[in-house]
Q: 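If you scroll down you'll find the structure; I have some questions about it.
Letters go in sequence order (proteins before strands), and every chain restarts at 1.
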Number of protein chains: 2
Amino acid sequence: MTSLPVVNQPVHRSGALLDQLARRVRLRGESVLAPLGLRPRHLIALTVLRDRSGCTQQALAATLEMDGTNIVGLLNDLEAESLIARRRSPEDRRRHVVELTDAGVKRLAKAEFALAAVEDEVFAALNEAQRETLYSLLQQALGGGEDIACVAAINE
Amino acid sequence: MTSLPVVNQPVHRSGALLDQLARRVRLRGESVLAPLGLRPRHLIALTVLRDRSGCTQQALAATLEMDGTNIVGLLNDLEAESLIARRRSPEDRRRHVVELTDAGVKRLAKAEFALAAVEDEVFAALNEAQRETLYSLLQQALGGGEDIACVAAINE
DNA sequence: GCTAATCATTGATGCAACACGAACCATCTA
DNA sequence: TAGATGGTTCGTGTTGCATCAATGATTAGC
């Protein structure tokens, strides 16, 4: 190979940091979300569904990387409050197609608004531009991964 | 006010994304870490301790935002494998000062090396520069927060 | 049309990560 | 000397999952 001076940077694993930061958001977020009748994972599910409405439960399980049985319970919670709706898929009537309802969209917006203070606190050390950068990096990292699974599931 | 076109961006809450991405890393990381006798939270603790060796357990509890009693158990695990050492603080002999041992540093490096493949997979959609940006943003966000508590605890 | 395989659902069981409280010892502080 | 504080131990409870087993509805292979 070449004699390029391989920089050999000290690796910089983000995993632990990510975990820790997520924990902080979750801890504070829980108490903020509670009055809205939501838990962190509900919020995640709603967030995912906003972008990918019309997902199969299987595809949802894939993106959330959760067991199918747990998805059922989670959707039960959300459906009980009419935040999502399950329709049977026309092509394959075994499948349920999950969609965000208007109420769901509103509740999600409400939750995000309520979380503003929380994120301000957790991300206090970052300025506006940095937060935006962080957001788009996260979005990109997540989007690149299992997105395909969901889209494929829809299009097939 | 001015007639500047206020962009009114759609808020962009990173919380849910952060949670979701952290979950992915954790899920994959667990199986990689297991052979090393570590769990995710051990890795987090070691990571924190690398930067802030000589922390009081209280300060550690603050940064990790964990209950003091659980810190004890966590440190017991790490001490049992000689990855950390507890010394009594000279100024206040009630306090334990926690330090990373050489073995701890090595094990941590080993773990991070083992996690390379995991992060490559999870951050596949990000290039090298983006990953580095993400890392420093996370670092900055975390450092800005409870850091003070730890440093203050040491310096007082 | 009979027989798999598949999707969603329910229920049971279990584990691990905590939080929380009570009681204890050693130590510092007033 | 009395009271607060840091760490430790133990017990208890909760929650977020995974996992396994069983069922009903549907589709697909032959």
Q: Report the residues that fulfil side-chain hydrogen bond (donor to acceptor under 3.5 Å, both in side chains) with B:Arg23, sequence neighbours left out, ordered by chain and then residue number.
A: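 Counting only residues at least two positions away or on another chain, B:Arg23 forms no side-chain hydrogen bond (donor to acceptor under 3.5 Å, both in side chains).
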
Q: For every nucleotide of nucleotides 19-30 of chain C, 5' to 3': is a protein heavy atom under 4.0 Å from its base (B), only from its sugar-phosphate (S), or from neither (-)?
A: BBB----BBS--

Q: List for me each residue that meets salt bridge (charged side-chain N to carboxylate O under 4.0 Å, His left out) alongside A:Arg107, sequence neighbours excluded, and say none if there are none.
A: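 In terms of salt bridge (charged side-chain N to carboxylate O under 4.0 Å, His left out), with neighbours along the sequence ignored, A:Arg107 is linked to A:Glu81.
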
Q: Just jot down the salt bridge (charged side-chain N to carboxylate O under 4.0 Å, His left out) partners of A:Glu30, sequence neighbours excluded, or say none.
A: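 Salt bridge (charged side-chain N to carboxylate O under 4.0 Å, His left out) list for A:Glu30, sorted by chain: empty.
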
Q: Mind checking what makes side-chain contact (heavy atoms from CB on, under 4.5 Å) contact with B:Gln58, not counting sequence neighbours?
A: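 B:Gln58 satisfies side-chain contact (heavy atoms from CB on, under 4.5 Å) with B:Thr56 only.
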
Q: If the condition is side-chain contact (heavy atoms from CB on, under 4.5 Å), which residues does B:Val25 pass it with, not counting sequence neighbours?
A: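 Here the qualifying residues are A:Leu18, B:Val122, B:Phe123.
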
Q: Mind checking what makes side-chain hydrogen bond (donor to acceptor under 3.5 Å, both in side chains) contact with B:Asp120, not counting sequence neighbours?
A: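 Here the qualifying residues are B:Arg131.
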
Q: Of the residues in residues 75-86 of chain A, which ones touch DNA chain D at a heavy-atom distance under 4.0 Å?
A: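 Output list: empty, so none.
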
Q: Can you tell me if A:Gln57 touches the phosphate of C:dC7, counting only side-chain N or O atoms and a distance under 4.0 Å to OP1 or OP2?
A: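 Looking at the OP1 and OP2 atoms of C:dC7, neither is under 4.0 Å from any side-chain N or O of A:Gln57.
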
Q: Under the side-chain hydrogen bond (donor to acceptor under 3.5 Å, both in side chains) test, which residues partner B:Asn127, sequence neighbours left out?
A: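 For B:Asn127 there are no side-chain hydrogen bond (donor to acceptor under 3.5 Å, both in side chains) partners, ignoring immediate neighbours.
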
Q: Take atom CD of A:Gln58 and atom P of C:dT9, then tell me their distance rounded to the nearest Å.
A: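 Whole-Å distance recorded here is 11 Å.
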
Q: Where does the chain A footprint on DNA chain D start and end, counting 5' to 3' with a 4.0 Å heavy-atom cut-off?
A: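 Listed 5' to 3', the contact boundaries are D:dT15 to D:dT27.
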
Q: List in chain and number order the residues that pass side-chain hydrogen bond (donor to acceptor under 3.5 Å, both in side chains) with B:Thr69, two or more places apart in sequence or in another chain; answer none if no residue qualifies.
A: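 side-chain hydrogen bond (donor to acceptor under 3.5 Å, both in side chains) check on B:Thr69 returns B:Asp67.
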
Q: Kindly state each residue pair satisfying ring-ring contact (aromatic ring centres under 6.0 Å, His included) with at least one member in residues 29-55 of chain A, sequence neighbours excluded.
A: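 Non-adjacent pairs meeting ring-ring contact (aromatic ring centres under 6.0 Å, His included): zero.
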
